[in-house]
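Only a predicted model underlies this, so the values are computations on that prediction, with no experimental measurement involved. All residue numbers in this chain count up from 1 along the given sequence.
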Amino acid sequence: QVQLVESGGGLVQAGGSLRLSCAASDRTFSSYAMGWFRQAPGKEREFVAARGWSVGNTYYADSVRGRFTISRDNVQNTVYLQMNSLKPEDTAVYYCAAAARSSWYLSPARYEYDYWGQGTQVTVSS
């Protein structure tokens, strides 16, 4: 059982930046594909970004490509989401997720992810 704990959320003005972190408890962290999702009030949880084991293996939602960057530290068992040029529509609870299927197969589908964190709130004011 992998435990994921997110941190780094908060309140920021439009145009600002935040970096989210997600610490994993499992020593086999490097064998998982990692993803970030978000859920705004009244909306379904949506895919934001995913990262495989290798540096170039990333996948972004169109809405965040060019503004957000996902990275991971396989020694610290941590995945990050650097969010720049934030917009009010980025306001949501952000969730970290781990997919046990493979460290290289990236998917935007929620059902592909086996473990989820508790979420961290990001609020972007206009």
Side-chain angles (χ1 to χ4, degrees):
Q1 183 78 15
V2 178
Q3 292 184 331
L4 303 173
V5 179
E6 301 99 334
S7 61
L11 174 64
V12 64
Q13 289 188 334
S17 299
L18 279 175
R19 188 176 84 152
L20 305 183
S21 300
C22 171
S25 63
D26 198 319
R27 292 182 178 181
T28 61
F29 171 78
S30 61
S31 66
Y32 298 109
M34 299 299 297
W36 285 97
F37 288 75
R38 66 187 182 187
Q39 187 167 17
K43 295 187 177 181
E44 291 191 357
R45 191 171 299 188
E46 65 174 6
F47 171 77
V48 175
R51 165 73 189 264
W53 183 87
S54 62
V55 173
N57 193 5
T58 57
Y59 183 8
Y60 293 96
D62 289 342
S63 59
V64 306
R65 187 176 293 112
R67 300 188 298 123
F68 290 10
T69 302
I70 186 171
S71 61
R72 64 190 291 169
D73 184 333
N74 291 324
V75 174
Q76 297 296 325
N77 292 351
T78 303
V79 62
Y80 303 96
L81 185 69
Q82 177 66 44
M83 306 185 294
N84 298 329
S85 303
L86 282 161
K87 305 175 182 179
E89 51 263 44
D90 294 318
T91 295
V93 177
Y94 283 71
Y95 297 90
C96 172
R101 171 179 177 175
S102 166
S103 65
W104 57 267
Y105 175 76
L106 304 181
S107 171
R110 286 176 291 173
Y111 68 84
E112 296 276 13
Y113 294 82
D114 305 284
Y115 306 103
W116 293 82
Q118 82 289 350
T120 186
Q121 176 71 46
V122 172
T123 303
V124 184
S125 63
S126 57

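- More than 12 heavy atoms of other residues, nucleotides or ligands lie within 6.0 Å of CH2 in Trp116, so this atom counts as buried by the packing criterion.
- Contact detail for Ser107 and Phe47: the closest heavy-atom pair is O-CE1, 3.7 Å.
- Counting heavy atoms from C-beta on, the side chains of Met83 and Asp90 never come closer than 4.5 Å.
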Please table the atom pairs, donor to acceptor, closer than 3.5 Å between any side-chain atom in residues 11-19 and protein atoms at least two apart or in another chain.
unit_1, atom_1, unit_2, atom_2, d
Ser17, OG, Asn84, OD1, 2.9

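- With rounding to the nearest 0.5 Å, the separation of OH in Tyr113 from CG in Leu4 is 12.0 Å.
- Using a 3.5 Å distance cut-off with no hydrogens or angles, the side chains of Tyr115 and Asp26 do not pair a donor with an acceptor.
- Under the rule for a side chain to side chain contact (heavy atoms under 4.5 Å, CB included), the partners of Arg65 that lie at least two apart in sequence or sit in another chain are Tyr60, Asp62.
- When hydrophobic clusters are built by joining Ile, Leu, Val, Met, Phe, Trp and Tyr residues whose side-chain heavy atoms come closer than 4.5 Å, directly or via intermediates, Leu86 is grouped together with Val48.
- Residues Glu6 and Tyr94 form no side-chain contact, since every pair of their non-hydrogen atoms from C-beta on lies 4.5 Å or further apart.
- Using a 4.5 Å heavy-atom threshold, the side chains of Cys96 and Trp36 count as touching.
- Smallest separation of non-hydrogen atoms from Ala92 and Ala40: CB-N, 3.8 Å.
- The OG atom of Ser30 sits 8.0 Å away from atom CG of Asn77, with the distance rounded to the nearest 0.5 Å.
- Looking at Arg72, its side chain does come within 3.5 Å of a backbone N or O of Arg51 through a donor-acceptor pair.
- Between the Thr91 side chain and the Val124 main chain, a donor and an acceptor come within less than 3.5 Å of each other.
- Leu106 is listed as a side-chain neighbour of Asn57, based on a closest heavy-atom distance under 4.5 Å.
- Between Tyr105 and Ser102, the closest heavy-atom pair is N-OG, 3.2 Å.
- Of the inter-residue distances, the one linking Gln82 atom CD with Ser21 atom OG reads 9.5 Å to the nearest 0.5 angstrom.
- Of the inter-residue distances, the one linking Arg38 atom CZ with Thr120 atom OG1 reads 14.0 Å to the nearest 0.5 angstrom.
- Here salt bridge (Lys or Arg N to Asp or Glu O under 4.0 Å) pairs that include residues 95-106, with residues two or more places apart or in two chains, are Arg101-Glu112.
- Other residues, nucleotides and ligands place more than 12 heavy atoms under 6.0 Å from the CD atom of Gln121.
- Connection of Ile70 to Val2 is established within a shared hydrophobic cluster, with ILVMFWY side chains joined at heavy-atom distances below 4.5 Å, either directly or through further cluster members.
- Linking ILVMFWY side-chain heavy atoms closer than 4.5 Å, directly or via other members, places Tyr59 and Tyr95 in a single hydrophobic cluster.
- Rounded to the nearest 0.5 Å, atoms CG (Asp73) and CZ (Phe29) are 8.0 Å apart.
- Annotation: the span from Arg67 atom CZ to Lys87 atom NZ amounts to 4.5 Å, rounded to 0.5 Å.
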Exercise. Do Tyr32 and Asn74 pass the side chain to side chain contact (heavy atoms under 4.5 Å, CB included) test, and can you show the C-alpha distance, the side-chain angles, and the key distance before you say yes or no?
Worked result: CA-CA 10 Å; Tyr32 298 109; Asn74 291 324; over 6 Å; no

